[in-house]
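Predicted, not measured: the structure shown is a model, and the values here were computed from it. Counting starts at 1 for both ligands and their atoms, in listed order.
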Amino acid sequence: MSTEEKLYEGKAKIVYATANPGELRMHFKDDLTAFNGQKHDQMAGKGYYNAQITAILMSYLQSRGVPTHFIRLLGDTDLLVRRLEMVPLEVVARNIAAGSLAKRLGLEEGKVLTQPVFELYYKNDALGDPLVNRSHVRAMGWAKDAVVDEMLTLARQVNTLLQERFAASGLVLVDFKLEFGLSGDQVILGDEITPDTCRLWDASTQEKLDKDRFRRDLGGVMEAYEEVYRRLLNRD
Ligand code: ADP
Ligand code: UDP
């Protein structure tokens, strides 16, 4: 049993130890949360789609030279991943104005940004994951400068690669969030890439195929996640 010790339960996933101290099992739950956990629901199948979508996208990035934590799928809803020492920052990349950027800067949702925008947020639920800049990161000692440099370089590469991958599936990558961790000195992409953490719009109709369907009570949440999975699968 000690090999299956639960190390952490978050809003969307449960992390378990494995027999190998350098590897973790990451279970994707059917829970959906928004607004820092204030809105919560369960959707049968969400864990399945998110695990499968993360596996497809992490394998793709890995094959294009991005170091990721992904090792392999374990059944329907779990991934075997490299254990990382997580950096307490979220990197958000944006190609089109939406969500908090549209609100903060008074931009119309859907405005195409003349160049991608990269932002850092301090990962802290109690504070609602505040937006921070590099001087905050230095002053608080959350990560070394070279590590943040590498995270931003990787985020830029990931943005280009994912935009291409989604475009081939008829999807526009509006924005997304990444988390990184360290294995020794190496900066590695961790966590998930799913419709929970990306805004994805249908390329021809602009229909939202992501967590905004849940945030905004648009209905068809699971159908949208299934559609993203189906389109990615057809391109593999
Ligand atoms: P939250 O903590 O935001 O509620 P989740 O429910 O997604 O998020 O929990 C997953 C947790 O696992 C997150 O804290 C994330 O930073 C962490 N994590 C992701 N990948 C790895 C990894 N490879 N090694 C260690 N921890 C990881
Ligand atoms: N995001 C995320 N986790 C967070 C915050 C944001 O996955 O804790 C994703 C979100 O789904 C979107 C992008 O990052 O794809 C930008 O989110 P934004 O800052 O616009 O916040 P929101 O308005 O979505 O809360």
Assess whether a salt bridge exists between K111 and E109, defined as any Lys/Arg side-chain N lying under 4.0 Å from an Asp/Glu carboxylate O. no

What do you reckon, is CD of E85 surrounded by more than 12 foreign heavy atoms closer than 6.0 Å? no

By number and element, which atoms of ligand 2 are closer than 4.0 Å to a non-hydrogen atom of D196? 7 (O), 11 (O)

Pick out the protein N or O atoms lying less than 3.5 Å from any N or O of ligand 1, and list each pair with its distance.
{"unit_1": "ligand 1", "atom_1": "2 (O)", "unit_2": "Y8", "atom_2": "OH", "d": "2.4"}
{"unit_1": "ligand 1", "atom_1": "3 (O)", "unit_2": "K11", "atom_2": "NZ", "d": "3.3"}
{"unit_1": "ligand 1", "atom_1": "3 (O)", "unit_2": "K123", "atom_2": "NZ", "d": "3.0"}
{"unit_1": "ligand 1", "atom_1": "4 (O)", "unit_2": "K11", "atom_2": "N", "d": "2.7"}
{"unit_1": "ligand 1", "atom_1": "4 (O)", "unit_2": "K11", "atom_2": "NZ", "d": "3.2"}
{"unit_1": "ligand 1", "atom_1": "6 (O)", "unit_2": "K11", "atom_2": "N", "d": "2.9"}
{"unit_1": "ligand 1", "atom_1": "6 (O)", "unit_2": "A12", "atom_2": "N", "d": "2.8"}
{"unit_1": "ligand 1", "atom_1": "6 (O)", "unit_2": "K13", "atom_2": "N", "d": "2.9"}
{"unit_1": "ligand 1", "atom_1": "7 (O)", "unit_2": "K13", "atom_2": "NZ", "d": "2.4"}
{"unit_1": "ligand 1", "atom_1": "16 (O)", "unit_2": "E179", "atom_2": "OE1", "d": "2.7"}
{"unit_1": "ligand 1", "atom_1": "20 (N)", "unit_2": "D191", "atom_2": "N", "d": "3.1"}
{"unit_1": "ligand 1", "atom_1": "23 (N)", "unit_2": "H69", "atom_2": "ND1", "d": "2.8"}
{"unit_1": "ligand 1", "atom_1": "23 (N)", "unit_2": "R82", "atom_2": "O", "d": "2.8"}
{"unit_1": "ligand 1", "atom_1": "24 (N)", "unit_2": "L84", "atom_2": "N", "d": "3.0"}

Assess whether salt bridge (Lys or Arg N to Asp or Glu O under 4.0 Å) is satisfied between R138 and D145, documenting all intermediate values. CA-CA 7 Å; R138 278 183 211 113; D145 245 18; 2.8 Å; yes

With a 4.0 Å cut-off on heavy atoms, is K211 touching ligand 2? no

Any salt bridge linking K208 with D202? Criterion: basic side-chain nitrogen under 4.0 Å from a carboxylate oxygen. no

Please compare D175, L131, N36 and report which has the shortest non-hydrogen distance to atom 15 (O) of ligand 2. D175

Ion pair check, E23 and R82, cut-off under 4.0 Å: no

Which atoms of ligand 2 have any heavy atom of C198 under 4.0 Å away? 15 (O)

Mark yes or no for whether D30, through its side chain, and K46, through its backbone, hold a donor-acceptor pair below 3.5 Å. yes

Considering A102, S100, G128, A12, which one's heavy-atom position lies nearest to atom 20 (O) of ligand 2? S100

Number the atoms of ligand 2 from 1 as they appear, then name those within less than 4.0 Å of a heavy atom of E90, with their elements. 4 (C), 5 (C), 8 (O)

Nearest protein heavy atom with distance in Å, relative to atom 3 (N) of ligand 2: K177 CE, 3.5 Å

Taking only Lys NZ, Arg NE, NH1 and NH2, and the carboxylate oxygens of Asp or Glu, determine whether D149 and R134 approach each other closer than 4.0 Å. yes

Going by the order shown, which atoms of ligand 2 are within less than 4.0 Å of some heavy atom of D129? 8 (O)

Could you list the atoms of ligand 2 found under 4.0 angstrom from a heavy atom of R199? 12 (C), 15 (O), 16 (C), 17 (O), 18 (P), 20 (O), 22 (P), 23 (O), 24 (O)

With a 6.0 Å cut-off on ring centres, are Y48 and Y225 close enough? no

Please identify which atoms of ligand 2 are closer than 4.0 Å to at least one heavy atom of V92. 14 (O), 16 (C)

If you measure from the Lys or Arg side-chain nitrogens to the Asp or Glu carboxylate oxygens, is any gap between D191 and K13 under 4.0 Å? yes

Between D212 and R199, is there a side-chain N and carboxylate O pair less than 4.0 Å apart? yes

Under 4.0 angstrom from ligand 2, any heavy atom of R94? yes

For Y121, is the nearest heavy atom under 4.0 Å from an atom of ligand 2? yes

Any atom of ligand 2 sitting under 4.0 Å from a heavy atom of R215? yes

Report yes or no: does a heavy atom of D212 sit under 4.0 Å from some atom of ligand 2? no

Walk me through whether E5 and Y16 qualify under side chain to side chain contact (heavy atoms under 4.5 Å, CB included). CA-CA 6 Å; E5 184 196 354; Y16 295 93; over 6 Å; no

Within the 4.0 Å heavy-atom shell around G99, which atoms of ligand 2 are there? 20 (O), 23 (O)

Under 4.0 Å between a Lys/Arg side-chain N and an Asp/Glu carboxylate O for E226 and R230? no

Has N95 got a side-chain atom pairing as donor or acceptor with L173's backbone, closer than 3.5 angstrom? yes

